[in-house]
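Below is one structure, written out as structure tokens; comments come after it.
Proteins come first, then strands; the chains are lettered A, B, ... in the order of their sequence lines, and each starts at number 1. Since we're looking at a predicted model, the values are computed, not measured.
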Amino acid sequence: MGSPRSSDTGWRDVARDPWAAVLAEAESLRTRAVLSLSIPPIPVPFEEPDETLGDLAFACFVYAKRMQQAPDVIASRLAPLIPRGKFIASATATGGYVNLRVDPAALASETLGALRTAGEAYGAGEPGKERVLLEHTSVNPTGPIHVGRARNPVIGDSLARILRKAGFPLTTEYLVNDVGRQMVLLYWGVTHLKPSDVAPPQSAKEDHALLPYYVKANELAENDPNVNQEVEALIRAFEGGDADLTKAISSVSRQILSGILQTLDRIGVAFDRFFWESDLILQGKIGPVIERLKALPVVQQEDGAYYIDMAPFGVKGRETKWFLTKRDGTSLYPTRDIAYHIDKFTRCDLAITVLGENHRLEYEQLCTALKLLGERLAEAVFYSYVVLPEGKMQTRRGRIVAMDDLIEEAVARAQEEVRKRRPELPESQMREIAEAVGIAALRYNIVRVQAEKKITFRWEEALNFEGNSAPFLQYAHARTRGILGKGGPFEPGDPALLTHPEEARLMKLLARFPHVIGKAAESRRPHEVATFAYDVAAQFNLFYRDCPVLTADPPLRAARLGLVDGTRIVLQGALDCLGLPAPHEM
RNA sequence: GGACCCGUGGCCUAGUCUGGAUAAGGCACCGGCUUUCUAAGCCGAGGAUCGGGGGUUCGAAUCCCUCCGGGUCCGCCA
């Protein structure tokens, strides 16, 4: 939609954004027409009407009201005043709306030109200056990552890719929570229990191998007072700043983390850097923050423990005291989080964190504290957890679907499909395609849904390879590759030859890609790219049905090859933004 | 008790921020399409009081209020 805002975001280069160019022209032609009727240029968003009516439209009700005339009268007076432009071919009035028709040849020429200039970079925004630090995933290293947590890396990584494409200099970061009671428990388990004491691990992968020790340690600490005492003693030593112990505990978490990272790597998620919470403590970065907090007038004390009463800041509930330190003066997580963010702000201009919905209050509290300290604020993207049909997943209960299992299942299912459909392919290539398809199916299934909606995990949905699914997108892309491969090298054709309705529809979508990337980045909503990618793939399939490429007359053939290549670039670009591999054939 | 998030055909989702012209897809079900660039595709059929009610507006899935249902959170844990 062509709200005035889109033309205000100056970082986007209009020359490389065909749809923005169309909107800008429509806006300027309309403004002139409106002014010439002595109507104030009230901004009315452009919308996309049913295609039988036009390509762009705006309602005249607001103008009508202002001028005290009937909307269809205003529309009929306005339409003839909108002259033909570079893109806008005609304007007609229908029932209070002015419908604009975009000249398909002009749009095609603009879009294919932009595609030719930018190549694979088509869709990218102007390189920006604002350094973004995107923290995501940051799951506690106590065991393998499960499907309940899967949205964080998938949303985070997709958002990272989209922000990069949009032009932001971006760093991704994983906060490794290697301090606290749970880590001490895990450490106690691996140092005090023998393999025969714990349940057999599901696999030798480090995160799976160590999980049973964590589970058993939890169980013992709950039921065996002696164990609990030992653990408490360890926690005290740890809290007392025992550097050797802190490092020892951290090294256990590093082992589990390496298993988690292997899993994430397999689904295409990697990080630029890691931040160990223990470093914050060992480097003495907590103390100064505590001192700054204590100096705040709003900070109060109870038995030596410091807290902020959040009630005046809009937080309500049973308990509004937000504790920053313990009675003994040692830090609590909120303090460490504040210290972490202050550290982050020295390394970026904008800090974004992908967080589960259960962290919403904590985020509000963090922002309140940062505001009180005169620091910048962090931005957050929240998502709801993936739940099983029978309820939420819990690591401690073992009621989880491990990501590793889901990946194996997805790839195995994909392998079956490939074998069925492409029995002639060599085994190694079948495996490659199966990996690409299976993993893409998982990621797409998560990223296509708005983050704040909860997802109920169902195998049949997660492993769906038809309809609105990753393989649908990948298949369309593979089709473009197939045609281009057989078509061979081609000279740029005449865009004006692309007059078929399916060609025009496809071209309009390709023209919008840069705009879509910009919007998705700005709104931090990766699913918008998923929706768009589906639209492109579906439209390409219609073009594929109706417009033979290779057998067309040479001039038309060349023009169509250009369109197919453009589709290839856009689909590949969109898939890349979603972290979905794009195999050349499948 | 309070705050926040979600509620769209049997199931899943887009559209909600930025209100507009008959609410758009997918899955499932039923019926079709392959001597033509990969049928993981395409076409057709049925299927929706956009959770209920009120309000604002020329116009509400979209904004406001309220109720209902589901979820999350309100630790000197992290």
Students often get this wrong, so: under 4.0 angstrom with heavy atoms, is A:C60 touching a base, only sugar-phosphate, or nothing? nothing

Base, sugar-phosphate or nothing for A:M183? Non-hydrogen atoms, less than 4.0 Å. nothing

Taking the basic N atoms (NZ, or NE/NH1/NH2) and the acidic carboxylate oxygens, is any pair closer than 4.0 Å for A:E503 and A:R560? yes

Identify, between A:G482 and A:N541, the residue whose nearest nucleotide on RNA chain B lies closer to the 5' end. A:G482

Do A:T142 and A:N140 pair up side chain to side chain, a donor and an acceptor below 3.5 Å, judged on atom types alone? no

Dot-bracket line, read 5' to 3' along RNA chain B, where crossing pairs take [ ] and | marks a partner on another strand, Watson-Crick or G-U under 3.5 Å: (((((((..((((......[...))))..((((.......))))......(((((..]....))))))))))))....

Under 4.0 Å between a side-chain nitrogen and a carboxylate oxygen: does that hold for A:K344 and A:E135? yes

Categorize A:K453 for me: base, sugar-phosphate, or nothing, with a 4.0 angstrom heavy-atom threshold over every strand shown. base

Would you kindly check whether a donor in the side chain of A:N464 faces an acceptor in the base of B:A40, or vice versa, at under 3.5 angstrom? no

Scan A:L542 against the nucleic acid and name what it touches under 4.0 Å (heavy atoms): base, sugar-phosphate only, or nothing. sugar-phosphate

Would you indicate what A:A478 reaches in the nucleic acid, counting non-hydrogen atoms under 4.0 angstrom: base, sugar-phosphate, or nothing? base

Option passing side chain to side chain contact (heavy atoms under 4.5 Å, CB included) with A:L56 (candidates A:L100, A:N99, A:V98): A:L100

Sugar-phosphate or base contact per nucleotide [nucleotides 55-69 of chain B; S, B, -; heavy atom under 4.0 Å]: --SB-----------

Touch class at under 4.0 angstrom, heavy-atom based, for A:T94 against every strand present: base

How far does the P atom of B:A21 sit from the matching atom of B:G55, given to the nearest Å? 22 Å

With distance as the sole criterion, is a donor-acceptor pair present between the side chains of A:E466 and A:S469 under 3.5 Å? no

Is the positively charged end of A:R479 above the ring of A:Y544, judged by distance under 6.0 angstrom from the centroid and angle within 45° of the axis? yes

Out of B:A40, B:C12, B:C43, whichever nucleotide has its closest atom nearest the side chain of A:E461: B:C12

Residues 548-558 of chain A, side-chain donor-acceptor partners within the protein, below 3.5 Å, at least two apart:
residue : atom : partner : partner atom : Å
A:R557  : NE   : A:L550  : O            : 3.1
A:R557  : NH2  : A:G487  : O            : 3.4

Taking the nucleotide of RNA chain B with the nearest heavy atom to each, does A:S523 or A:H584 sit closer to the 5' end? A:S523

Select base, sugar-phosphate, or nothing to describe what A:T531 touches, counting heavy atoms under 4.0 Å on all strands. sugar-phosphate

Testing the 3.5 Å rule here: is there a donor-acceptor pair between the side chains of A:Y444 and A:N468? yes

Quick one: salt bridge (charged side-chain N to carboxylate O under 4.0 Å, His left out) partners of A:E173, sequence neighbours excluded? A:R273, A:R347

Considering every strand and a 4.0 Å limit on heavy-atom distances, what is the contact class for A:R525: base, sugar-phosphate, or nothing? sugar-phosphate

Within the structure, does a side-chain N or O atom of A:R360 lie under 4.0 Å from either OP1 or OP2 of B:A3? no

Under 4.0 Å from OP1 or OP2 of B:C27: is there any side-chain N or O of A:R458 that close? no

Could you list the residues that satisfy ring pair (Phe, Tyr, Trp, His ring centres under 6.0 Å) with A:F323, not counting sequence neighbours? A:Y307

Heavy atoms only, 4.0 Å cut-off, all strands: where does A:D546 land among base, sugar-phosphate and nothing? nothing

Using a strict cut-off of less than 4.0 Å between a Lys/Arg side-chain nitrogen and an Asp/Glu carboxylate oxygen, indicate whether A:E416 and A:R413 qualify as a salt bridge. no

Please walk me through it: do A:Y174 and A:F275 pass ring pair (Phe, Tyr, Trp, His ring centres under 6.0 Å)? CA-CA 6 Å; A:Y174 185 128; A:F275 192 98; over 10 Å; no

Over-ring placement of A:R360 relative to A:F382, 6.0 Å and 45° cut-offs: yes

A:Q450 side chain N/O closer than 4.0 Å to the phosphate oxygens (OP1, OP2) of B:U13? no

One character per nucleotide, please: for nucleotides 73-78 of chain B, 5' to 3', B when the base has a protein heavy atom closer than 4.0 Å, S when only the sugar-phosphate does, - otherwise. SBSBSB

Which part of the nucleic acid, if any, lies within contact of A:V387, taking any heavy atom under 4.0 Å across all strands shown: a base, the sugar-phosphate backbone alone, or nothing? nothing

Regarding A:E585, tell me which of base, sugar-phosphate or nothing describes its non-hydrogen contacts under 4.0 Å with the strands shown. base

